[in-house]
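Written out below as structure tokens is the structure these notes cover.
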Amino acid sequence: MNSEQLRQLIDISKTGSIRMTAKRLYISQQAVSESMKRLEKELNCTLLNRSKNGVTLTDDGKFVLKYALLAIEQYNVLLQHFESKASQTHIYGTLTISTAPIASNTILVNLILEMYSHYPDITCYLQEQFTENIIDSLVQKEINFGIIGVSADDFSSRNDFKQLNSEPIYFQQLYVDSLVCVMSQNNPLSVYQSLYIKQLSTTKYTLYHCSNMDMINLNRQNCLLISNNTALHQKFMQENNTICCLPKQTFKTLYSDKQFVAVPIVDAAPVIFYLLYLDTEEIYQNPVYRAFIHTTMQVFQNHEQN
């Protein structure tokens with residue numbers, strides 16, 4: 001027995017016709033007829049008197065109808081209760097999120113898709129900025145959140161930023177990634193299993209849009225390209241035998257082509273990715289902000305596990 005069978009029985013009592021009930025409920029006449037037969041078999045009784053003049057309820061049918069009406073009424077009360085509850089927890093609003101170039105090419109797409117999947121009425125406005133600009137925008141309350149990737153050695157600036165004003169910036173750690181040296185398979189350095197910073201001191205290199213990957217103090221004069229155009233980086237590394245230092249996960253995202261390799265840099269500090277926001281009560285009380293923080297943490301945890 002299910003609610004649809006009870007609704008069909010109630011409607012038949014009103015129309016006196018299986019055909020008319022089927023039409024009103026937008027299902028086939030055969031489906032209604034078979035549904036009533038299954039209900040009669042389950043209850044071990046005859047619910048309907050069928051004749052050429054139409055359908056009427058038997059005494060058993062009238063008895064079941066009485067409880068069907070009560071059951072459907074209670075069922076509708078339940079539906080209304082939980083629909084009302086759902087509407088109360090419905091979340092909608094807007095967010096402005098700024099990401100550093102190195103962070104925007106990791107799992108930003110997955111994050112936004114996940115947000116839209118769970119919160120379709122939260123609109124996310126995205127922009128790409130350098131880390132220092134993100135922090136300035138956050139302090140000026142021009143953005144709601146920032147996502148950055150910085151060297152694990154770079155703690156002094158982080159602690160300074162946390163003490164900026166009465167509303168300090170909160171650095172929520174997302175995940176830690178190792179730094180690798182990316183190059184073409186034709187590069188002589190590609191034969192190494194691992195590298196040291198000293199080995200890279202005279203090497204020509206590219207910077208991925210000033211993505212803080214010059215944190216290992218490479219010679220600025222050896223920098224041939226600063227861009228976020230992956231195709232250009234690949235071209236330079238093929239033709240000029242250059243390298244590019246990136247977090248390992250970023251390499252996997254940008255350089256899926258097998259002609260490029262990533263060699264670990266043994267003495268390079270790991271890269272830590274952070275979610276930044278002002279540590280205020282509003283952040284923790286606003287359901288839109290809470291939804292974004294929760295979703296971001298989940299996405300990055302899954303990213304790190306993979």
Per the side-chain contact (heavy atoms from CB on, under 4.5 Å) rule, which among L276, V150, L275, I272 passes with F171?
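For F171, the side-chain contact (heavy atoms from CB on, under 4.5 Å) test succeeds with only one of L276, V150, L275, I272, which is L276.
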Between the main-chain N or O of [Y] and the side-chain N or O of [X], is there a donor-acceptor pair closer than 3.5 Å?
{"X": "T295", "Y": "A291", "result": "yes"}
{"X": "N144", "Y": "T96", "result": "yes"}
{"X": "N187", "Y": "N241", "result": "yes"}
{"X": "D267", "Y": "I197", "result": "yes"}
{"X": "N222", "Y": "Y205", "result": "no"}
{"X": "N229", "Y": "A231", "result": "yes"}
{"X": "S190", "Y": "Q185", "result": "yes"}

Considering all heavy atoms, the nearest [X]-[Y] contact:
{"X": "L95", "Y": "I122", "value": "CD1-CG2, 4.1 Å"}
{"X": "S3", "Y": "I72", "value": "O-CD1, 3.8 Å"}
{"X": "V180", "Y": "P264", "value": "CG1-CA, 4.1 Å"}

Distance check, rounded to the nearest 0.5 Å: [X] atom [atom1] versus [Y] atom [atom2]?
{"X": "T250", "Y": "D177", "atom1": "OG1", "atom2": "CG", "answer": "6.5 Å"}
{"X": "I293", "Y": "Q172", "atom1": "CD1", "atom2": "CD", "answer": "7.5 Å"}
{"X": "T21", "Y": "D11", "atom1": "OG1", "atom2": "CG", "answer": "4.0 Å"}
{"X": "L254", "Y": "C244", "atom1": "CG", "atom2": "SG", "answer": "8.5 Å"}
{"X": "S98", "Y": "I135", "atom1": "OG", "atom2": "CD1", "answer": "10.5 Å"}
{"X": "K66", "Y": "L57", "atom1": "NZ", "atom2": "CG", "answer": "13.0 Å"}

In the structure I gave you, are the side-chain heavy atoms of [X] and [Y] within less than 4.5 Å of one another anywhere?
{"X": "Q5", "Y": "N2", "value": "yes"}
{"X": "V299", "Y": "L174", "value": "no"}
{"X": "T58", "Y": "L48", "value": "no"}
{"X": "L200", "Y": "C181", "value": "yes"}
{"X": "I18", "Y": "R50", "value": "yes"}
{"X": "K248", "Y": "L179", "value": "no"}
{"X": "M183", "Y": "T242", "value": "no"}
{"X": "Q249", "Y": "P247", "value": "no"}

Anything under 30° is parallel, anything over 60° is perpendicular, the rest tilted; go ahead and classify F251 against Y255.
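If you compare the ring of F251 with that of Y255, the planes turn out parallel.
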Describe, in one word, how the ring planes of Y170 and Y277 are oriented to each other, choosing from parallel (under 30°), tilted (30 to 60°) and perpendicular (over 60°).
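Tilted, since the angle between the ring planes falls between 30° and 60°.
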Which residues satisfy the ring-ring contact (aromatic ring centres under 6.0 Å, His included) test with F236, sequence neighbours excluded?
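Partners of F236 under the ring-ring contact (aromatic ring centres under 6.0 Å, His included) test: none.
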Kindly work out whether a path of hydrophobic side-chain contacts (I/L/V/M/F/W/Y, heavy atoms less than 4.5 Å apart) joins I226 to I243.
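In one cluster with I226: I243, yes.
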Connected via hydrophobic side-chain network under 4.5 Å: L6 and M36
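Cluster IDs for L6 and M36 match.
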Using a 4.5 Å cut-off between side-chain heavy atoms of Ile, Leu, Val, Met, Phe, Trp and Tyr, which other residues end up in the same hydrophobic cluster as Y92?
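Direct or chained contacts put Y92 with none.
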Which residue pairs pass the side-chain hydrogen bond (donor to acceptor under 3.5 Å, both in side chains) test with at least one member in residues 112-126, sequence neighbours excluded?
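Applying side-chain hydrogen bond (donor to acceptor under 3.5 Å, both in side chains) to every pair that reaches into residues 112-126, excluding sequence neighbours, yields H90-D121, E114-H118.
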Sorted by first residue and then second, give each side-chain hydrogen bond (donor to acceptor under 3.5 Å, both in side chains) pair with at least one member in residues 31-48; sequence neighbours left out.
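Every pair satisfying side-chain hydrogen bond (donor to acceptor under 3.5 Å, both in side chains) with a residue in residues 31-48: Q8-S35, Q30-E34.
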Aromatic ring centroids of F292 and F145 under 6.0 Å?
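Aromatic pair counts; centres sit under 6.0 Å.
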Going by side chain to side chain contact (heavy atoms under 4.5 Å, CB included), name the residues that satisfy it together with Q199, two or more places apart in sequence or in a different chain.
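Per chain and number, Q199 pairs via side chain to side chain contact (heavy atoms under 4.5 Å, CB included) with Y192, L195, Y196.
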Pairs flagged by ring-ring contact (aromatic ring centres under 6.0 Å, His included) wherever residues 33-61 is involved - sequence neighbours left out:
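Every candidate ring-ring contact (aromatic ring centres under 6.0 Å, His included) pair involving residues 33-61 fails, so no pair, neighbours aside, qualifies.
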Scan side-chain atoms only and decide if Q238 and S184 contain a donor-acceptor pair under the 3.5 Å cut-off.
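There is such a pair (donor and acceptor under 3.5 Å, judged by atom type) between the side chains of Q238 and S184.
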Should we count CZ of R290 as having more than 12 external heavy atoms under 6.0 Å?
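Counting neighbours around CZ of R290, more than 12 heavy atoms of other residues, nucleotides or ligands fall under 6.0 Å, so yes.
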